[in-house]
Amino acid sequence: MNRSSQEQLADRIILLIRTKPNAKFKLEQLAKKLKVTPQQMNSAVKVIKEWGYKINLNKLEVSFQSAPDILSATEISYELKNKLIGRQIHSFNSVKSTNIVANQLADKGAPEGTIVTAEKQTLGKGRLGRSWHSPEKVGIYLSIILRPKFSPDKAPGLSVMSALAVAEALSRYCADSVQIKWPNDVLINGRKVAGVLTELDAEKNKINHVVVGIGINVNQTKKDFPKTIGQTATSVGIESSELINRVDLLKSTLRVFEKEYRGYQKNQLSSSLKRIRKFSSLINKDISVKSGSEVISGKAVDIDKSGSLIILNDSGRKVISSGEVTVLKE
Ligand code: BTN
């Protein structure tokens with residue numbers, strides 16, 4: 001996606017004037033510094049306003065007041081100190097699915113850590129062939145391209161790792177009510193607030209790339225959810241009774257994700273297990289898991305360092321690497 005020179009200039013002006021909020025910058029001096037004409041300055045300032053930035057402007061001066069809550073590359077990258085995750089950002093207003101775009105970019109060689117975001121998805125994908133309801137400007141729709149060096153059998157744990165990253169980021173908003181429903185649903189007060197769809201492109205012994213798709217319901221109100229999920233879904237805004245800044249939440253998620261991914265590359269989930277257990281909604285519950293065509297019932301007792309769920313039943317200990325869980329008894 002090529003940005004117009006006007007948009008690039010707008011970005012550079014924002015970066016300069018937001019260093020000192022409310023301070024007045026002379027337009028003439030800014031133009032000189034950026035080596036552009038007053039006309040070019042004027043059109044760029046117009047773009048800045050259209051994007052929703054609050055600025056004070058008169059004929060001679062401009063000052064920065066506040067940034068809009070938009071998932072643009074400019075906003076996401078601002079003061080994000082990650083080394084890997086988010087080092088390239090592709091942000092869109094509307095796409096079919098950020099996972100589709102991320103897979104296309106990965107096929108063309110996009111580097112590890114590239115992210116794709118959108119304000120809206122028209123064909124958002126969920127797990128097991130379901131759809132992900134993705135209304136405009138209220139949610140976070142994010143895909144992260146990874147190129148891990150480990151073997152493909154270690155990829156499934158990335159879903160649990162991603163759910164952990166989201167759960168940790170959400171804990172700052174709803175401290176004690178966040179849970180992970182293995183493998184990759186995130187719940188607040190028992191309702192689903194976020195989901196992870198991990199897509200793997202691999203050969204027998206080598207991962208080409210992984211796309212981790214993360215959807216978070218952020219500022220949806222109850223009426224924004226379709227009837228089919230109205231009883232089971234929620235948003236961070238509903239649960240915290242606050243309007244959430246999506247850019248802040250997205251950046252927190254990217255920061256935690258980078259930290260967790262570095263740990264995962266070293267020793268899978270070993271150093272995260274304590275936190276995963278703390279967040280788990282299933283441990284010590286009687287459950288049944290549908291894994292492929294098999295259904296296994298028993299008591300969920302643990303999650304291991306590969307991200308598998310450990311179940312105990314009359315025939316012993318079962319290790320399940322993926323599946324769909326139903327809780328039988330609370
Ligand atoms: C699930 O819980 O079923 C997984 C939902 C994953 C949704 C996200 S939104 C961003 C990314 N793009 C998609 O099409 N899906 C994932």
Side-chain angles (χ1 to χ4, degrees), residues 1-4 7-8 70-77 80 82-134 136 139-163 165-166 183-184 194-216 250-251 253-258 260-262 264-265 268 292 306-307 321-322:
M1 191 186 44
N2 283 329
R3 315 198 73 216
S4 72
E7 287 174 332
Q8 289 176 31
I70 51 170
L71 303 182
S72 63
T74 313
E75 281 312 301
I76 298 167
S77 60
L80 178 71
N82 278 9
K83 295 253 161 23
L84 185 66
I85 307 300
R87 65 176 170 165
Q88 267 192 25
I89 301 171
H90 297 258
S91 58
F92 297 87
N93 281 327
S94 175
V95 292
K96 281 187 181 160
S97 150
T98 55
N99 267 32
I100 295 178
V101 178
N103 273 300
Q104 287 165 346
L105 288 167
D107 286 340
K108 286 192 210 137
E112 172 158 78
T114 299
I115 66 164
V116 180
T117 65
E119 293 289 5
K120 152 185 178 191
Q121 298 184 117
T122 54
L123 264 181
K125 297 192 284 178
R127 284 177 73 224
L128 308 166
R130 297 184 189 126
S131 61
W132 185 258
H133 186 59
S134 313
E136 191 168 9
I140 289 177
Y141 316 115
L142 162 72
S143 298
I144 303 173
I145 297 174
L146 302 176
R147 297 187 182 278
K149 301 268 186 300
F150 50 71
S151 54
D153 58 306
K154 295 209 171 96
L158 286 170
S159 295
V160 179
M161 185 215 87
S162 306
V166 175
N184 45 12
V196 177
L197 173 66
T198 307
E199 295 179 310
L200 173 69
D201 181 319
E203 288 154 41
K204 198 161 166 270
N205 295 313
K206 181 180 164 270
I207 294 178
N208 294 324
H209 67 255
V210 180
V211 168
V212 176
I214 297 176
I216 310 179
L250 173 60
K251 284 160 74 171
T253 306
L254 297 176
R255 287 187 191 108
V256 187
F257 193 101
E258 174 152 316
E260 293 298 339
Y261 182 53
R262 292 213 187 281
Y264 193 88
Q265 285 172 308
Q268 293 180 268
S306 70
S321 64
S322 71

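Worth saying up front: this structure is predicted, and the values here are computed from it rather than measured. Values reported hereafter were calculated over all heavy atoms of this structure, with side chains retained and with hydrogens, waters and symmetry mates removed.
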Could you check if a side-chain atom of [X] sits within less than 4.5 angstrom of a side-chain atom of [Y], using non-hydrogen atoms only?
X	Y	answer
Val101	His90	no
Arg262	Leu84	yes
Leu142	Phe257	no
Ile76	Leu254	yes
Ser72	Glu7	no

Handout entry: Short side-chain donor-acceptor distance under 3.5 Å, Asp153 and Ser151
Key =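 Indeed, the side chains of Ser151 and Asp153 share at least one donor-acceptor pair under 3.5 Å.
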
Kindly give the heavy-atom pair with the smallest separation between [X] and [Y], and that separation in Å.
X	Y	value
Val160	Gly307	CG2-O, 3.6 Å
Pro148	Glu112	N-OE2, 3.6 Å
Asn99	Ser143	OD1-OG, 2.6 Å
Lys96	Gln121	O-CB, 3.4 Å
Thr98	Thr117	CG2-C, 3.9 Å
Ser162	Val196	CB-CG1, 3.9 Å

Kindly say whether [Y] contributes a backbone atom to a donor-acceptor pair with the side chain of [X] at under 3.5 angstrom?
X	Y	value
Glu258	Lys83	yes
Arg127	Gly195	no
Arg130	Lys125	no

Kindly compute the distance separating [atom1] ([X]) from [atom2] ([Y]), expressed to the nearest 0.5 Å.
X	Y	atom1	atom2	result
Asn103	Lys108	CG	NZ	12.0 Å
Asn82	Arg255	CG	CZ	7.0 Å
Leu71	Lys120	CG	NZ	14.5 Å
Glu136	Ser94	CD	OG	7.5 Å
Ile207	Leu146	CD1	CG	9.0 Å
Asn184	Leu158	CG	CG	11.0 Å

Practice task
Using a cut-off of 6.0 Å, state whether more than 12 heavy atoms not belonging to Asp107 lie near its atom CG.
Solution key: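 Count over threshold, so yes.
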
Practice task
With side chain to side chain contact (heavy atoms under 4.5 Å, CB included) as the test, would you mind laying out the steps for Ile140 and Ile214 before giving the verdict?
Solution key: CA-CA 8 Å; Ile140 289 177; Ile214 297 176; 5.7 Å; no

